[in-house]
Amino acid sequence: MRRILVTSALPNANGAIHLGHLFEHILTDIWVRFQRMAGNECYYVCADDAHGTATMLAAEHLGTTAAAMIETLRREHAEEFGRFHVGHDNYYSTHSPENERLTRAIYERLAEDGRTFTADVEQLYDPERKLFLADRFVKGTCPRCGADDQYGDNCQECGATYDATELGNPRSTLSDNTPQLRSSDHYFFDLAQFTDFLKEWTASDAVQPEVANKLGEWLTGGLKAWDISRDGPYFGFTIPGTEGKYFYVWMDAPVGYMASFENLCDRSEGLDPDDFWRADSDAEVHHFIGKDIINFHCLFWPAVLQGAGYRTPTKVHTHGFVTVDGAKMSKSRGTFINASTYLKHLDPEYLRYYFATKLSANTDDVDMQLDDFVQRVNSDLVGKVVNIASRCAGFIHRGFDGTLAEGVHDAELWAAASNVRHELADLYERGDVGRAVRQITALADRTNQYIAEHEPWKHVNDPDRRDEVQGVCSLGINVFRALVVYLKPILPAMAAKAEAFLKVEPLAWEDAAEPLVAHEIDRFKPLFTRIDRKDVDKVVAETVAEVEAEDAEDQGGAEVSIDDFGKIDLRIAKVVDANFVDGADKLLELRLDVGDDARTVFAGVREAYHPGALVGRLVVVVANLAPRKMRFGTSEGMVLAAGPGGEDIFLVSPDAGAEPGMRVT
RNA sequence: GGCUGCGUAGCUCAGUUGGUUAGAGCACAGCAUUCAUAAUGCUGAAGUCGUUGGUUCGAGUCCAACCGCAGCUACCA
């Protein structure tokens with residue numbers, strides 16, 4: 001028996017659980033449930049990732065404390081995962097006493113052994129907010145191409161990467177002030193010391209081949225020291241022996257896996273964290289992550305563990321991202337679906353099954369096509385698998401008192417159904433679940449063919465052929481039982497209902513080895529209902545509505561005084577000319593007559609309006625908006641419009657009689 | 001820009017170390033059937049395997065270039 005500890009990446013403690021989190025946790029949960037069915041001792045822990053500047057600012061925004069906010073979200077997250085049947089043994093928080101102790105201990109061990117050093121770092125500082133600014137809180141002009149309004153790490157226009165200190169006219173996105181350049185001592189983990197170790201580790205089968213390729217890039221390029229400290233104010237753990245220095249969130253986040261497990265052990269008889277984490281442990285540790293955090297889990301984390309005298313992960317399972325209908329999840333398209341919205345209208349097992357059909361052992365992105373989602377679930381699960389039990393059970397009850405036959409009617413079919421368990425086990429182990437599902441549905445197909453060939457409905461009233469009818473339907477039920485075994489890691493709730501129908505104890509993997517004979521079963525009740533496409537549409541529509549409400553709150557929620565409003569100079573303008581902009585997908589260049597002066601405004605309405613339809617019409621424009629340099633020219637104002645974007649943009653226009661230049665108040 | 005991965009029927013994907021007329025499911029069309037949650041079975045139509053070159057007796061499969069898509073590019077989690 002293997003002893004296995006499994007983790008999923010830690011969701012942020014400042015946002016809701018969405019489709020992307022669900023994908024990762026469902027695929028991990030499927031693996032965990034398989035391991036348990038196969039008889040292994042398997043623990044699955046996770047936690048919210050509580051620390052970081054973002055958490056601090058979010059709590060500030062809500063007018064609460066970080067500690068209160070993260071606890072509320074932690075409960076919410078744990079409950080939502082639970083409703084998707086994700087069976088974490090512990091869903092903890094990285095803001096825990098266990099984690100603080102472990103993180104400090106690990107750091108101290110690394111520091112003692114000369115694995116860390118300090119260095120002076122120059123960084124932008126916001127004097128008003130009194131904090132050092134992470135790259136994403138600084139905007140300015142790209143030092144290479146001169147594009148305005150770029151973040152502190154790279155330029156979205158030309159793709160250049162640079163230091164935030166290189167930006168022209170930098171400003172803090174938190175206060176809009178000009179930041180100052182200040183220097184501060186930072187603590188570094190000397191990752192380069194672990195280069196040889198990491199080369200060896202990544203070449204083992206601890207990571208997928210494409211991940212090893214990616215890591216090879218960093219390894220051959222030379223590893224840089226890793227800055228593990230942040231200056232206060234910061235929401236996190238303080239670094240021992242320092243004043244106002246905090247551990248960078250990614251230092252304590254993976255330690256959170258250990259902390260969550262330790263917390264579980266404290267509440268469980270005979271479970272010792274050391275058995276899993278000591279350097280010579282023969283237990284296994286498996287991390288499931290998305291491909292965006294490969295560097296943290298496959299470079300920093302193994303190096304930290306190695307340096308601190310712990311074992312390294314057995315395997316890091318990396319997956320791709322979820323897209324919806326071929327595009328990134330989008331709030332305005334309604335495909336940035338939160339767990340809570342989904343749960344209002346759809347059964348969690350639909351999603352579990354659909355994700356399972358798309359799972360592979362590689363890091364490709366997984367596209368959730370909403371039509372495909374409905375069809376796959378309805379056709380495979382209701383039409384094929386469940387249908388077998390549904391069509392056989394009636395005969396068993398009508399003619400045979402609900403009792404299955406003594407023997408196996410078709411030894412070949414049963415052998416196929418039973419023996420495939422070895423291959424399926426291998427596929428589950430490797431994470432090639434989509435392929436396993438294809439094998440499973442093929443077996444269901446074969447069984448429906450078998451039943452059709454023997455036409456039990458024709459012979460059920462023929463006394464000479466009663467045994468055959470019972471045999472065929474009993475075998476149908478037995479193959480169905482095997483299918484339930486194979487699908488149980490994916491569909492635990494359906495499996496529980498099927499177990500009740502079959503009147504059996506909870507099924508384990510090896511139960512597929514032997515058929516049920518002369519066994520009484522219950523009457524069949526529907527195990528699974530079809531998805532109605534309308535319910536999917538409701539989820540999408542509600543997601544759009546939520547986003548709009550959120551936007552309204554962000555923009556209109558905070559009250560402004562009439563004086564503030566008075567600062568905005570809204571004017572009626574007439575569109576004199578409108579043209580496409582070469583190279584811009586969304587923009588139209590508009591020449592506007594605003595009374596005395598004419599000006600050029602770039603408006604993101606190309607998908608909704610043809611230039612010809614705009615010439616001559618009156619619009620409302622923000623006349624005193626600071627001119628903004630864009631890639632295609634300077635925009636001198638903003639045209640007001642409603643709608644989520646894309647093709648749904650609706651320009652605001654005045655009633656007849658308004659003249660260009662009139663002030664809107 | 002550099003790097004990683006992907007690009008096979010309308011959709012989702014299989015295609016082993018290169019080998020005869022490229023496969024499956026969904027969707028579609030026709031037929032059959034009625035035991036089953038309008039479920040099932042049979043038959044059929046549908047692909048110049050991203051493009052162009054190359055290696056080879058032979059390439060979806062190997063090589064090169066190009067095109068397209070996604071992601072990464074370390075102090076955003």
Side-chain angles (χ1 to χ4, degrees), chain A residues 9-15 49-55 121 123 132-137 144 151-154 158-161 163-164 186 188 191 208-218 221 223-230 248-250 253 290-296 299-300 320-321 323 326-328 354 357-358 360 362-367 369 371-376 378-384 386-395 398 434-435 437-438 441-442 445 447-453 455-458 460 469 472-473 476 524-530:
Chain A
L10 312 177
N12 283 335
N14 51 33
D49 185 11
H51 293 149
T53 311
T55 310
V121 171
Q123 204 182 350
F132 284 92
L133 297 166
D135 290 348
R136 66 173 180 143
F137 296 124
R144 188 166 92 180
Y151 282 105
D153 48 358
N154 64 61
C158 72
T161 58
D163 253 25
H186 275 241
F188 289 84
L191 187 63
Q208 291 121 293
E210 63 266 45
V211 175
N213 285 344
K214 188 71 204 169
L215 293 167
E217 234 179 85
W218 282 308
L223 296 170
K224 292 188 221 164
W226 184 35
D227 186 348
I228 55 169
S229 69
R230 291 292 180 275
Y248 170 47
V249 51
W250 267 110
K291 61 185 176 182
D292 51 335
I293 50 177
I294 286 172
N295 56 337
F296 295 108
L299 295 177
F300 302 140
F321 300 133
T323 58
K328 253 190 215 180
Y354 187 68
T357 67
K358 312 284 276 190
S360 70
N362 63 41
T363 61
D364 293 352
D365 290 350
V366 165
D367 190 31
Q369 306 236 350
D371 283 323
D372 187 44
F373 169 57
V374 173
Q375 283 163 4
R376 279 303 284 269
N378 289 346
S379 157
D380 290 4
L381 254 25
V382 182
K384 290 178 179 178
V386 171
N387 182 49
I388 295 169
S390 175
R391 67 194 305 201
C392 290
F395 293 110
R398 259 167 271 152
R435 199 181 290 257
V437 170
R438 266 173 261 134
T441 51
D445 283 343
T447 309
N448 275 312
Q449 286 163 27
Y450 162 80
I451 295 166
E453 269 166 37
E455 304 177 305
W457 53 91
K458 274 196 181 166
V460 67
V469 169
V472 168
C473 294
F524 181 82
K525 286 181 272 225
L527 300 172
F528 219 83
T529 49
R530 317 172 74 77

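Labels below follow one simple rule: chain letters A, B, ... track the order of the sequence lines, proteins then strands, and each chain is numbered from 1.
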Mark up nucleotides 9-16 of chain B, 5' to 3', with B wherever a protein heavy atom is under 4.0 angstrom from a base atom, S wherever such an atom reaches only the sugar-phosphate, and - elsewhere. --SSSSS-
What heavy-atom pair brings A:H186 and A:D227 nearest, and what distance separates the two atoms?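 Looking at all heavy atoms of both residues, the shortest contact is ND1-OD2, 2.8 Å.
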Indicate the atoms forming the closest heavy-atom contact of A:C392 with A:G476, along with that distance.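 Scanning both residues, the minimum pair turns out to be SG-CA, 4.0 Å.
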Side-chain N or O of A:R391 versus OP1/OP2 of B:U34: is the shortest distance under 4.0 Å?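 Indeed not, no polar side-chain atom of A:R391 lies that close.
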Between A:N387 and B:U37, is there a contact of a side-chain N or O with OP1 or OP2 at under 4.0 Å?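 Checking A:N387 against B:U37: no side-chain N or O falls below 4.0 Å of OP1 or OP2.
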What does [X] touch in the nucleic acid at a heavy-atom separation under 4.0 angstrom: a base, only the sugar-phosphate, or nothing?
X	value
A:G383	sugar-phosphate
A:P526	base
A:V249	sugar-phosphate
A:F300	base
A:W226	nothing
A:V460	nothing
A:S379	sugar-phosphate
A:F528	base
A:I228	nothing

Listed by chain and number, what are the side chain to side chain donor-acceptor pair (under 3.5 Å) partners of [X], not counting sequence neighbours?
X	answer
A:D371	A:R533
A:D292	none
A:R435	A:D432
A:Q369	A:D367

Proximal nucleotide (of [options]) relative to the [X] side chain:
X	options	value
A:W457	B:G25, B:U37, B:U33	B:U33
A:F395	B:U37, B:C35, B:C42	B:C35
A:W218	B:A74, B:C35, B:U37	B:A74

Under the side-chain contact (heavy atoms from CB on, under 4.5 Å) rule, what do A:W457 and A:I451 come out as? Steps first, then yes or no, please. CA-CA 10 Å; A:W457 53 91; A:I451 295 166; 4.2 Å; yes
Rounding to an integer number of angstrom, what distance separates [N] and [M] when you compare their [atom1] atoms?
N	M	atom1	result
B:C35	B:G30	P	24 Å
B:U51	B:C11	P	15 Å
B:G5	B:U43	P	41 Å
B:G15	B:C28	C1'	24 Å
B:U17	B:U73	C1'	35 Å
B:C63	B:U16	P	14 Å
B:G60	B:C13	P	22 Å
B:A29	B:G71	C1'	41 Å

May I have the distance from [X] (atom [atom1]) to [N] (atom [atom2]), rounded to whole angstrom?
X	N	atom1	atom2	result
A:E455	B:C42	CD	P	13 Å
A:D292	B:C76	CG	C1'	11 Å
A:N213	B:C6	CG	P	10 Å
A:K384	B:A38	NZ	P	17 Å
A:Q449	B:A24	CD	C1'	12 Å
A:Y248	B:A74	OH	P	11 Å
A:K214	B:C6	NZ	P	14 Å
A:D445	B:G23	CG	P	19 Å

Quick check: do [X] and [Y] have side-chain heavy atoms less than 4.5 Å from each other?
X	Y	value
A:N362	A:Q208	no
A:F524	A:V386	yes
A:D380	A:Y354	no

Using heavy atoms to find the nearest nucleotide of RNA chain B for A:K224 and A:S390 separately, return the residue whose nucleotide is more 5′.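 Nearest-nucleotide comparison on RNA chain B picks A:S390.
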Reading RNA chain B from 5' onward, which residue's closest nucleotide shows up sooner: A:I451 or A:E210?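 Per heavy-atom nearest nucleotide, the more 5' residue is A:E210.
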Parallel, tilted or perpendicular: which describes the rings of A:Y248 and A:F296, with under 30° parallel and over 60° perpendicular?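 Aromatic pair A:Y248/A:F296 classed tilted.
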Residue pair A:N448, A:R391: steps toward the side-chain contact (heavy atoms from CB on, under 4.5 Å) verdict: CA-CA 9 Å; A:N448 275 312; A:R391 67 194 305 201; 2.8 Å; yes
Intra- and inter-strand pairing of RNA chain B, written as dot-bracket with Watson-Crick and G-U pairs under 3.5 Å and | for the latter, reads (((((((..((((.....[...)))).(((((.......))))).....(((((..]....))))))))))))....
